[in-house]
Amino acid sequence: MLRRLFAELKVIEERKSFKIFKIPRKTHKQEFIKLEEFQTKPEPICVANRPFIFNNPKAGDKKYFWCTCGLSRKQPFCDSSHMQTAFKPLSFIIQEDVKQVALCLCKKSTTAPYCDFKTCGCAQESKK
């Protein structure tokens with residue numbers, strides 16, 4: 001099993017007693033991403049066609065950072081996975097005390113970071 005895994009990896013440097021492999025970064029969907037393509041044609045990765053329901057968010061002074069690229073492993077929040085891309089996180093503050101907020105996971109919302117329930121089709125899915 002390990003031989004097959006290492007056979008698929010790219011060797012960066014070969015020394016006398018060991019090899020240094022480049023380990024590709026995996027997304028939350030466990031697919032490989034070609035970073036060169038992602039840098040030249042920046043299109044966010046759709047995490048899911050549904051909103052993330054954020055329960056009891058802190059209102060007022062807490063600043064949140066919403067992931068715009070879709071690479072973060074802490075979706076929908078940024079974990080700095082975008083560093084080698086053209087994307088920047090979107091910072092937002094929740095102004096009012098609310099019980100829950102729907103944050104976009106498809107990355108196509110017109111009201112980002114909040115889900116508009118139209119672009120991803122999650123409004124139609126909930127009616128079914």
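For clarity, every value in this text was computed on a predicted model and none was experimentally measured.
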Check: residues 88-105 side-chain donor-acceptor pairs under 3.5 Å, at least two apart:
{"residue": "Q100", "atom": "NE2", "partner": "N55", "partner atom": "OD1", "Å": "3.1"}

Next item on the list: State the SG-CE distance between C78 and M83, to the nearest 0.5 angstrom.
Entry: 8.0 Å
Notebook entry, point to check: Taking side chain as C-beta onward, heavy atoms only, is P113 less than 4.5 Å from Y64?
Noted result: no
Next item on the list: State, yes or no, whether a side-chain contact exists between C67 and P76 at a heavy-atom distance under 4.5 Å.
Entry: no
Next item on the list: Just grab all the side chain to side chain donor-acceptor pair (under 3.5 Å) pairs involving residues 102-114, residues at least two apart or on different chains.
Entry: Q75-K107, S109-T111, T110-D116
Next item on the list: Identify the heavy atoms of S72 and K74 that sit nearest to each other, and give their distance.
Entry: OG-N, 3.0 Å
Next item on the list: In sequence, state the C-alpha distance, the side-chain angles, and the governing distance for F77 and F54, and then conclude on side chain to side chain contact (heavy atoms under 4.5 Å, CB included).
Entry: CA-CA 11 Å; F77 303 105; F54 186 24; 3.9 Å; yes
Checklist line | Partner set under ring pair (Phe, Tyr, Trp, His ring centres under 6.0 Å) for F65, not counting sequence neighbours | finding: none
